[in-house]
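Throughout, a chain's letter reflects where its sequence line sits, starting with A, and its residues are numbered from 1.
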Number of protein chains: 4
Amino acid sequence: MKQKTLTRKEREREFKRSEILNAAIQIFAMKGFKAATLDEIAEKSEFGKGTIYNYFSSKEEIYKEIILLILKEHKKSIKEVYNETDTLYDFILNTTKRDLIFCLENKEAFFLLVFTKMHHEKSTKCEMSKIMNGCEKEITSLIIKRTKLAIKNKEIRKLDSERIIRLFKISGFAYIYDLLINENLCEATIEEEAKFITDILFNGIKFKK
Amino acid sequence: MKQKTLTRKEREREFKRSEILNAAIQIFAMKGFKAATLDEIAEKSEFGKGTIYNYFSSKEEIYKEIILLILKEHKKSIKEVYNETDTLYDFILNTTKRDLIFCLENKEAFFLLVFTKMHHEKSTKCEMSKIMNGCEKEITSLIIKRTKLAIKNKEIRKLDSERIIRLFKISGFAYIYDLLINENLCEATIEEEAKFITDILFNGIKFKK
Amino acid sequence: MKQKTLTRKEREREFKRSEILNAAIQIFAMKGFKAATLDEIAEKSEFGKGTIYNYFSSKEEIYKEIILLILKEHKKSIKEVYNETDTLYDFILNTTKRDLIFCLENKEAFFLLVFTKMHHEKSTKCEMSKIMNGCEKEITSLIIKRTKLAIKNKEIRKLDSERIIRLFKISGFAYIYDLLINENLCEATIEEEAKFITDILFNGIKFKK
Amino acid sequence: MKQKTLTRKEREREFKRSEILNAAIQIFAMKGFKAATLDEIAEKSEFGKGTIYNYFSSKEEIYKEIILLILKEHKKSIKEVYNETDTLYDFILNTTKRDLIFCLENKEAFFLLVFTKMHHEKSTKCEMSKIMNGCEKEITSLIIKRTKLAIKNKEIRKLDSERIIRLFKISGFAYIYDLLINENLCEATIEEEAKFITDILFNGIKFKK
DNA sequence: CATGAATGAGAATTCATTCAT
DNA sequence: CATGAATGAATTCTCATTCAT
């Protein structure tokens, strides 16, 4: 492990970087890339404007780093759930739960993701798109694998995998989106919300005799 | 009807206004409010920069007008479907279909809505937020009414109306979002996609003996 | 006399020109050359913006023409008084009276003069300065002549002519300026004010036994 | 006294502010508020355009600050003379002298005052007018007091105080104005000019046996 | 390293002038 | 001639980035 090479100084530097990133994530999420200003980030992070340039080469770099951090985090989370579960049901339930927790803790991060995905703020995307797409593909391929297995195991109906994934991503995304927009989400309800989403996805809303 | 009183000149003016709005909608949807520039809007609309100010008093005004147009359009569409259908199933199927068509034809408009909803670009929202929220509430109340009826008629299970609406908005929104992002949507598949979404919402993905 | 060559058309044209000038003088006096806009002049004159360009080649030309009109008017007035009076006292009394009347009727014109004299709005002055200076010199030389005569005739003390003129111009100018600024001037008081000014100039304010 | 607390930085900042104000005063006096451009002010002050906005929030703010500085300076000067003199004659002689010196040193400042007083450039005046009027009133009340005393003491004839003040303001203002316009004023002549003005105001120009 | 003053490229907006009708 | 829509040069103001301290 390389982390130990340069100790105090290095750790301090790393800590300050993350302070800046944390400040930036809030500003970016609140205003978007273009409307966010370095003055605001500087103020929020309690550093001088110039100092930030000792840690990042540009506003854009800060943005990119944030996006990639969030994505990696998300990928890691999905992978963990994948390894810890057997059925698609459990996989979706747990992923959803995790997503909800993540969003609750990182509302800004979530908004940023949606923001960036939407092809907005073109300037930033050139190289980043590739990395983002790479991440997404890894995630998608995991879910596809699990979905196909579920079909084979007769856990779910025989449906187009791609579409189910889209619906799954919906579950873990748009629902959350709406919750966040309307600010109804609280820790207490996470478990329940996750179950509701998964239940509907599996059983539908139709009345059954 | 007064619309016909002021003819040529008036109609021409109206036409040019809409030309500008059409150009602006694309730029705004692609870049967001802040990052979009009037130079771009001017170029895309093939007018001089100054000309735009003969039709709109500011960049912000253009933005507002666009958002409100889209919202009204959407509300109208929902209302029509509401009046034309009896069951929740038909209502959702048709709304979804309509949304898909609308999004296919107005990809930019759709992005703009999401963009604006996300509480970004604060400056613009002061008065607009109210109007937007008003629109949303009207739409939501329609869906709630229909949902409650469906529960009473045993068309669907007894579930929390608010949550179903959230899921419904998901169906007609996030799925579309994903389709658009990945640019897989074409006219041919609209009918099919709408049925798929509605089917899953009603029946779930679970395997049934 | 050439005035009669082109009749109706010509007279109409001349009339419209003066309509525009009258509108312009008010706007210019109220806002200054730069801050006045052609839109305002067009609106006040009740012509289309384009029409104005059928009568004047530029905003600047309108301005110049106005200034010169006012100056000529003023010169003419001074000359008339010069010819109608014998003593310096009468000359100053009457000139002051006339100036007061003129200012009362053309508050804007007066402001414009001061404005322009003050070397402001440089752009306009290149050629105009010469004409203005020419006008001033004519006026000054008249007053000097009359002043020297007054000294010779023992009407006034033996004082530097140039300075007296400066003081005289003061009487007819700064006092008026102050009156106008504070808007106390009315027709009723003109005679009285003129007498007051001339009295002080001749007799001073000192108490006499 | 707090002035010494924040040293180097603070003093430097104050110095630069005044550099900008000095540059601005010249441009404004030469061109007026509207016609003066920030590019010119930036060039004259030898700062970048953006730098100016680190010291003032807008062009208008610079203008206001200048006007108020000049007015305060003038008021202070009048008050000092008031306290140092007993007779009206001395008061006027000294005020005139001071005004002449001030104008010689601050030709631009003087022009600006006249400019602003003339009710031009409306936009700027809303709040400022009040402050300016307040200043004027203080000054006027001082002169009125002194004038009334002079009448009581039989230093001067029994004349309308208000009018004398108007004439006094003339002495110290229009004469200067004319001197400045024609650029004849030099230090050597100040004493003499002040005496001349005061002499005429007190004794008049009439020949006496 | 930390800082924030300085900077200028770039954005929104205004307005004199042109020109097609 | 009369008009006002179209235009872009010019202006104010913002902000990412640099750099001297």
Side-chain angles (χ1 to χ4, degrees), chain A residues 9 12-13 16 33-43 45-63 123, chain B residues 8-9 12-13 16-17 20 33-42 45-62, chain C residues 9 12-13 16 33-43 45-63 123, chain D residues 8-9 12-13 16-17 20 33-42 45-62:
Chain A
K9 282 267 169 125
E12 253 173 50
R13 189 175 167 81
K16 284 174 188 169
F33 176 71
K34 195 70 205 280
T37 70
L38 266 170
D39 280 273
E40 292 169 302
I41 296 174
E43 197 187 16
S45 66
E46 292 176 82
F47 282 104
K49 212 194 323 182
T51 310
I52 293 177
Y53 281 86
N54 289 330
Y55 294 89
F56 301 92
S57 68
S58 72
K59 184 183 168 186
E60 198 167 324
E61 205 197 88
I62 303 176
Y63 192 71
S123 62
Chain B
R8 240 267 311 294
K9 278 276 166 97
E12 251 174 54
R13 188 176 169 81
K16 283 172 190 168
R17 256 183 86 91
I20 294 170
F33 176 70
K34 195 74 204 284
T37 72
L38 263 166
D39 281 275
E40 291 169 302
I41 296 174
S45 65
E46 294 176 80
F47 283 105
K49 213 190 322 178
T51 309
I52 293 176
Y53 283 87
N54 291 333
Y55 292 89
F56 301 92
S57 68
S58 71
K59 183 183 166 187
E60 197 165 326
E61 204 200 88
I62 302 177
Chain C
K9 282 267 168 124
E12 253 174 50
R13 189 176 166 80
K16 284 175 188 167
F33 176 71
K34 195 71 205 283
T37 72
L38 267 170
D39 280 273
E40 291 169 301
I41 296 174
E43 197 187 14
S45 66
E46 292 177 80
F47 282 105
K49 214 192 325 182
T51 310
I52 293 177
Y53 282 86
N54 289 330
Y55 293 89
F56 301 92
S57 68
S58 71
K59 183 184 169 188
E60 198 167 324
E61 205 198 86
I62 303 176
Y63 191 70
S123 62
Chain D
R8 241 266 311 295
K9 279 276 166 97
E12 253 174 52
R13 187 174 170 82
K16 284 173 189 166
R17 257 183 86 92
I20 294 169
F33 176 70
K34 195 75 205 283
T37 72
L38 263 166
D39 281 275
E40 291 170 301
I41 296 174
S45 65
E46 294 175 82
F47 282 106
K49 212 189 327 178
T51 309
I52 294 176
Y53 283 88
N54 291 333
Y55 291 89
F56 300 93
S57 68
S58 71
K59 184 183 165 186
E60 197 165 325
E61 203 198 271
I62 302 177

Any donor-acceptor pair under 3.5 Å from Lys59(B) side chain to Lys34(B) backbone
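Yes; at least one donor-acceptor contact below 3.5 Å.
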
Could you tell me the separation between the [atom1] atom of [X] and the [atom2] atom of [N], rounded to a whole number of Å?
X: Lys9(D); N: dA6(E); atom1: NZ; atom2: C1'; value: 13 Å
X: Ile20(D); N: dA6(E); atom1: CD1; atom2: C1'; value: 11 Å
X: Ile52(C); N: dC1(F); atom1: CD1; atom2: P; value: 16 Å
X: Asp39(B); N: dT7(F); atom1: CG; atom2: P; value: 13 Å
X: Glu12(B); N: dG4(F); atom1: CD; atom2: P; value: 15 Å
X: Glu43(A); N: dT3(E); atom1: CD; atom2: P; value: 13 Å

When you match Leu38(C) and Tyr55(A) each to their closest nucleotide on DNA chain E, which lands nearer the 5' end?
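By nearest-heavy-atom nucleotide position, the 5'-most residue is Tyr55(A).
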
Would you kindly compare Gly48(D) and Gly50(C) by the position of their nearest DNA chain E nucleotide and give the one closer to the 5′ end?
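Of the two residues, Gly48(D) wins.
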
If we call it a pair only when both distances are under 3.5 Å in a Watson-Crick or G-U wobble match, what pairs with dT21(F)?
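Its partner is dA2(E).
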
Opposite nucleotide pairing with dC15(E), Watson-Crick or G-U, both atom distances under 3.5 Å:
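With both distances under 3.5 Å, dC15(E) matches dG8(F).
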
Is any side-chain N or O of [X] closer than 4.0 Å to OP1 or OP2 of [N]?
X: Lys16(B); N: dA6(F); answer: yes
X: Thr51(C); N: dT3(F); answer: yes
X: Asn54(C); N: dA2(F); answer: yes
X: Tyr53(D); N: dT14(F); answer: no
X: Lys59(A); N: dA16(F); answer: yes
X: Lys49(B); N: dA9(F); answer: no
X: Arg13(A); N: dC1(E); answer: yes

What nucleic acid atoms does Ser58(C) come within less than 4.0 Å of, heavy atoms only: base, sugar-phosphate, or nothing?
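If one applies the 4.0 Å heavy-atom cut-off, Ser58(C) turns out to touch the sugar-phosphate alone, with no base involved.
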
May I ask you to say what Ala36(B) touches in the nucleic acid, namely base, sugar-phosphate or nothing, with a heavy-atom cut-off under 4.0 Å?
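The residue Ala36(B) makes sugar-phosphate contact but no base contact.
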
Near Glu61(A) CD, under 6.0 Å, is it more than 12 heavy atoms from other residues, nucleotides or ligands?
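Yes.
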
Within 6.0 Å of CD in Glu12(C), more than 12 heavy atoms from elsewhere:
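Atom CD in Glu12(C) is crowded, with more than 12 foreign heavy atoms closer than 6.0 Å.
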
